[in-house]
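Note that the structure is predicted; figures quoted are calculated from it, not measured. Just so you know, residue 1 is the first one in the sequence shown, and it goes up from there.
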Amino acid sequence: MYRERPGRDNGRAVVPLPSLEQDAVYQEALKIVRQRRAKRASERRAARAEKAERAESQQLEPAGPVPKYLQLSCILKPSSAQTPVPPKRPRPRPRKEPRALPLSWLELRDTLGLTVVAAQNNAPLLLKLASGEHRLPTGVWLVLDPSTAQKLRSPEPRDPEEGGDLPLGTRPCNSKAWVAEKSVPLLQLLDEEQLTWSAAEANFAKCARGACFLALKHAGFVLKALATKECIQAQQEGMDPEKPLESTLEEIDAKVSRAAGLVGSRAAAESRRRPRGEPSGSPRKEAEVESSPRQASALRRGVQAHRDFLNFVCRKFGNPLRLWFVIDPEEHLKMGEKQFVRACEEIGFSGCLLTLWRQLDPDCTGHISFHDIDPVAALQVADFKVLLMKQFDGEVEKFLKIVEVNRSQRVGRDAFVKALDDTLQGARRLFDLLCRHNGSTVSAKEPRFLEKWRPPPYFLVPPDRARLHHFRGVLGDAAHGNPLKAWFRVLDPDQSFRITFNRFKHQLTRFQKLQEEDSMAQVWRAWDSDCSGYLFLRRFHPEAHEAAARLKRWAAKSGGGVKFINQLESNNGRVSKATFRKAVADVLDQAAADLLFDGLDVGDTGHLTEQDVRCLDRWDLAFEDELHSCEAT
């Protein structure tokens with residue numbers, strides 16, 4: 001009758017339920033329920049059929065007068081009563097017949113001075129600019145003067161006395177440029193069928209995505225020439241142009257100006273990434289030459305954005321170190337650009353974040369630390385780290401053993417200052433920097449970030465004047481005793497009149513005596529006493545700076561250094577030392593003039609050209625003087 005399941009039912013007996021299939025009472029009750037369900041279903045079907053018959057009879061009966069409010073147009077008629085709407089046919093448009101050219105392409109080309117060439121098989125071209133060599137993007141168009149184009153069309157070989165380089169047209173761009181001799185055989189003249197508006201726009205878009213100002217200006221000139229060509233054709237046919245020529249030319253100029261900023265930024269980034277051995281100068285230096293006011297204003301905007309950020313931080317948080325641990329609570333001590341921008345938006349800073357980031361990360365490393373935000377505060381913290389490394393093996397725990405710590409593991413202000421008053425200056429300021437919550441005590445865990453903080457090496461070493469004197473002697477030997485030439489040739493080949501520590505360290509790889517990082521850091525600290533991260537010519541050699549500054553101020557009255565050189569009597573744009581001495585006799589004495597001439601003549605050619613003095617026009621001396629006055633006060 002039952003069975004046991006000891007494993008499943010814990011050993012208890014299970015009694016099965018009786019089956020109802022053989023129960024007569026159950027079967028009778030089930031039969032009655034089924035009959036009632038069938039009856040209800042038949043009643044529902046009959047009610048639905050009666051309702052459908054009633055609806056059909058109402059539709060067949062004649063309808064009475066329709067009320068006026070039902071005769072409105074918003075009441076839709078049945079689909080059968082609606083009149084079909086005829087489909088709309090497209091309006092036939094007359095086809096424009098191709099217009100014949102009243103002028104021949106040769107006459108129109110000579111009128112506009114437009115002769116366009118491009119490299120065969122989209123090969124890259126090597127250009128020679130006033131600033132150096134530059135590789136042009138593949139497949140772009142260049143404009144030649146008609147006289148140069150005739151020499152290119154002639155089947156006879158070119159005269160060797162004329163030089164192997166092919167000059168470009170001067171109408172698109174005021175600066176002179178040449179196609180290198182080895183790239184001249186790659187050039188191919190474009191005919192009338194290839195010079196279409198769509199192809200010119202495609203060429204402009206390609207140049208706008210590149211990093212060459214010269215190619216962008218030539219592409220804009222081609223668009224202007226083609227727009228002028230269409231206007232001339234419309235006037236000779238007696239038809240009005242679709243758009244006035246003046247508005248079309250203004251639109252092209254606006255397109256060029258919009259693309260110039262992006263091209264300049266790409267040129268600067270490409271110059272930073274360029275390895276050794278590639279053609280130097282063109283993208284970055286051309287950007288600096290063409291937009292020197294923009295570069296100067298960018299430097300001013302960067303410093304002003306940094307000042308605004310520091311003022312905002314001091315008002316809201318008290319000091320930059322408290323801000324850092326608000327935006328970096330996990331104490332990574334490094335932060336990328338996106339994380340920094342997001343943090344600035346969260347704390348409510350409304351300045352230009354892109355300009356601020358470029359100022360904080362001038363070497364484009366991709367990350368910053370709190371010593372980039374406030375070097376002065378970081379220098380005080382670095383002095384404390386040096387003390388820990390010398391006396392306590394770099395461990396904060398050993399330092400806390402000599403400080404009075406209360407039961408809650410916190411250090412008071414007086415106890416902290418008393419422990420460091422004899423060994424470290426500015427102990428109260430250091431306590432305020434380490435105190436993250438603007439209180440009177442510091443947690444014993446808060447200074448432990450110093451054990452993993454890795455600042456630049458010049459923060460942790462003292463200045464070494466003797467090594468600095470030796471370094472100046474080594475640089476003087478490399479530049480024939482001229483400090484300005486040593487600055488431009490060894491330290492600052494870009495001629496920006498300021499360098500960073502990373503650039504300084506990179507440029508000194510050739511000197512074996514200064515290969516050690518501590519040696520370079522001690523030399524840098526002797527110049528950069530406040531650890532700002534920049535070295536100016538003013539600190540490197542004050543006499544050379546004063547001579548260059550006096551020449552710049554004097555030349556600015558006549559339009560700049562380039563214009564000053566062009567006004568002198570020269571041999572094919574080359575100014576000798578005697579001519580230079582005579583021109584600056586009212587401003588500089590002979591020793592200062594010789595120092596400046598030899599320093600600007602970096603290549604030891606014995607003469608000066610426009611490119612040699614162009615750095616003076618790019619130099620923002622007024623802003624540098626303003627920074628120096630602020631540091632002095």
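- The closest side-chain heavy-atom distance from Phe340 to Leu356 is below 4.5 Å.
- Looking at Phe309 and Ile373, their side chains come closer than 4.5 Å, going by heavy atoms from C-beta outward.
- Phe504 and Phe471 have perpendicular rings, their planes meeting at more than 60° on a 0 to 90° scale where under 30° would count as parallel.
- One distance of note links NE2 of His469 with CG of Asp464; it measures 12.0 Å at 0.5 Å rounding.
- Atom-to-atom distance recorded for His332:NE2 and Gln339:CD is 7.0 Å, nearest 0.5 angstrom.
- Counting only heavy atoms from C-beta outward, the side chains of Val326 and Glu346 never approach each other to under 4.5 Å.
- Side-chain atoms of Pro483 and Leu595, non-hydrogen and from C-beta on, do get closer than 4.5 Å to each other.
- Between Phe384 and Leu424, some side-chain heavy-atom pair lies under the 4.5 Å cut-off.
- Across all their heavy atoms, Leu310 and Pro320 have their closest contact at CD2-CG, 4.2 Å.
- Residue Val602 comes nearest to Arg489 through the heavy atom pair O-NH2, 2.7 Å, listed as atom of the first residue, atom of the second, then distance.
- Between atom CG of residue Leu600 and atom CG of residue Leu616 there is a gap of 5.5 Å, rounded to the nearest 0.5 Å.
- Using a 4.0 Å cut-off between charged nitrogen and carboxylate oxygen, Arg539 and Asp530 count as a salt-bridge pair.
- At least one side-chain heavy atom of Leu460 sits under 4.5 Å from a side-chain heavy atom of Pro455.
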Stepwise side-chain contact (heavy atoms from CB on, under 4.5 Å) check, Asn502 with Thr365: CA-CA 10 Å; Asn502 290 335; Thr365 58; 4.3 Å; yes
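- By the 4.5 Å heavy-atom criterion applied to side chains, Leu596 and Arg550 are not counted as neighbours.
- In terms of heavy-atom proximity, Leu433 sits nearest to Ala377 at CD1-O, 3.7 Å.
- Here CG of Leu354 is found 4.0 Å from CZ of Arg358. Values are rounded to the nearest 0.5 Å.
- Arg498 forms a cation-pi arrangement with Tyr534, by the criterion of a distance under 6.0 Å to the ring centre and an angle within 45° of the ring axis.
- Not one N or O on the side chain of Asp528 forms a donor-acceptor pair closer than 3.5 Å with the backbone of Leu535.
- More than 12 heavy atoms of other shown residues, nucleotides or ligands fall within 6.0 angstrom of atom NZ in Lys316.
- Between Trp524 and Tyr458, the ring planes are tilted. Angles from 30° to 60° get that label.
- The distance from the CD atom of Gln359 to the SG atom of Cys352 is 11.5 Å, given to the nearest 0.5 Å.
- Side chain of His607 to main chain of Thr605: a donor-acceptor pair is present (N/O by atom type, distance under 3.5 Å, no hydrogens or angles).
- Ring geometry, Phe449 versus Phe325: the interplanar angle exceeds 60°, so the pair is classed perpendicular (tilted spans 30 to 60°).
- Heavy atoms from other residues, nucleotides or ligands lying under 6.0 Å from CZ of Arg428 number 12 at most.
- With hydrogens and angles ignored, the 3.5 Å screen pairs a side-chain donor or acceptor of Asn319 with a backbone N or O of Leu321.
- Summarising the geometry of Leu379 relative to Cys531, their closest heavy-atom pair is CD1-SG, 3.7 Å, with the distance given to 0.1 Å.
- Classified by interplanar angle (parallel below 30°, tilted 30° to 60°, perpendicular above 60°), the ring pair Phe312/Phe317 is perpendicular.
- The two residues Arg322 and Asp432 make their nearest non-hydrogen contact at NH2-O, 3.3 Å.
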Could you walk me through whether Met335 and Trp324 satisfy the side-chain contact (heavy atoms from CB on, under 4.5 Å) test, starting with their C-alpha distance in whole Å, then the side-chain angles of each, then the deciding distance to 0.1 Å, before giving a yes or no? CA-CA 10 Å; Met335 184 172 296; Trp324 181 264; 3.8 Å; yes
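- Residues Arg581 and Ala593 share a closest heavy-atom pair of CG-CB, 4.4 Å.
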For the pair Leu434 and Phe416, evaluate side-chain contact (heavy atoms from CB on, under 4.5 Å) and give the outcome as yes or no after the intermediate values. CA-CA 11 Å; Leu434 297 178; Phe416 186 86; 3.8 Å; yes
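- A heavy-atom distance below 4.5 Å is found between the side chains of Asp601 and Leu608.
- For Lys452, the NZ atom sits in a packed shell: over 12 heavy atoms of surrounding residues, nucleotides or ligands are nearer than 6.0 Å.
- Under the 3.5 Å distance criterion, the side-chain polar atoms of Lys552 are matched with a main-chain donor or acceptor of Trp619.
- Asp361 contributes a side-chain N or O that, together with a main-chain N or O of Gly366, makes up a donor-acceptor pair within less than 3.5 Å.
- Taking CH2 of Trp453 as the start and NZ of Lys334 as the end, the distance is 13.0 Å to the nearest 0.5 Å.
- For the salt bridge (Lys or Arg N to Asp or Glu O under 4.0 Å) criterion with Lys485, the lone passing option out of Asp594, Asp612, Asp604, Asp492 is Asp604.
- Below 30°, between 30° and 60°, or above 60°: for Trp487 and Phe540 the angle between ring planes is between 30° and 60°, a tilted geometry.
- Scored by the side chain to side chain contact (heavy atoms under 4.5 Å, CB included) test, Asp308 finds Gln304 as partners (sequence neighbours excluded).
- Every residue two or more places apart in sequence or in another chain that forms a salt bridge (charged side-chain N to carboxylate O under 4.0 Å, His left out) with Glu331 is listed here: Arg436.
- Side-chain atoms of Arg465 come within 3.5 Å of backbone atoms of Ala526 as a donor-acceptor pair (strictly under, hydrogens ignored).
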Please walk me through it: do Glu345 and Leu353 pass side-chain contact (heavy atoms from CB on, under 4.5 Å)? CA-CA 9 Å; Glu345 293 176 351; Leu353 299 178; 4.1 Å; yes
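- The salt bridge (charged side-chain N to carboxylate O under 4.0 Å, His left out) check on Lys577 picks up Asp598, with sequence neighbours excluded.
- Between Phe497 and Phe488, the ring planes are perpendicular. Angles over 60° get that label, and only those under 30° would be called parallel.
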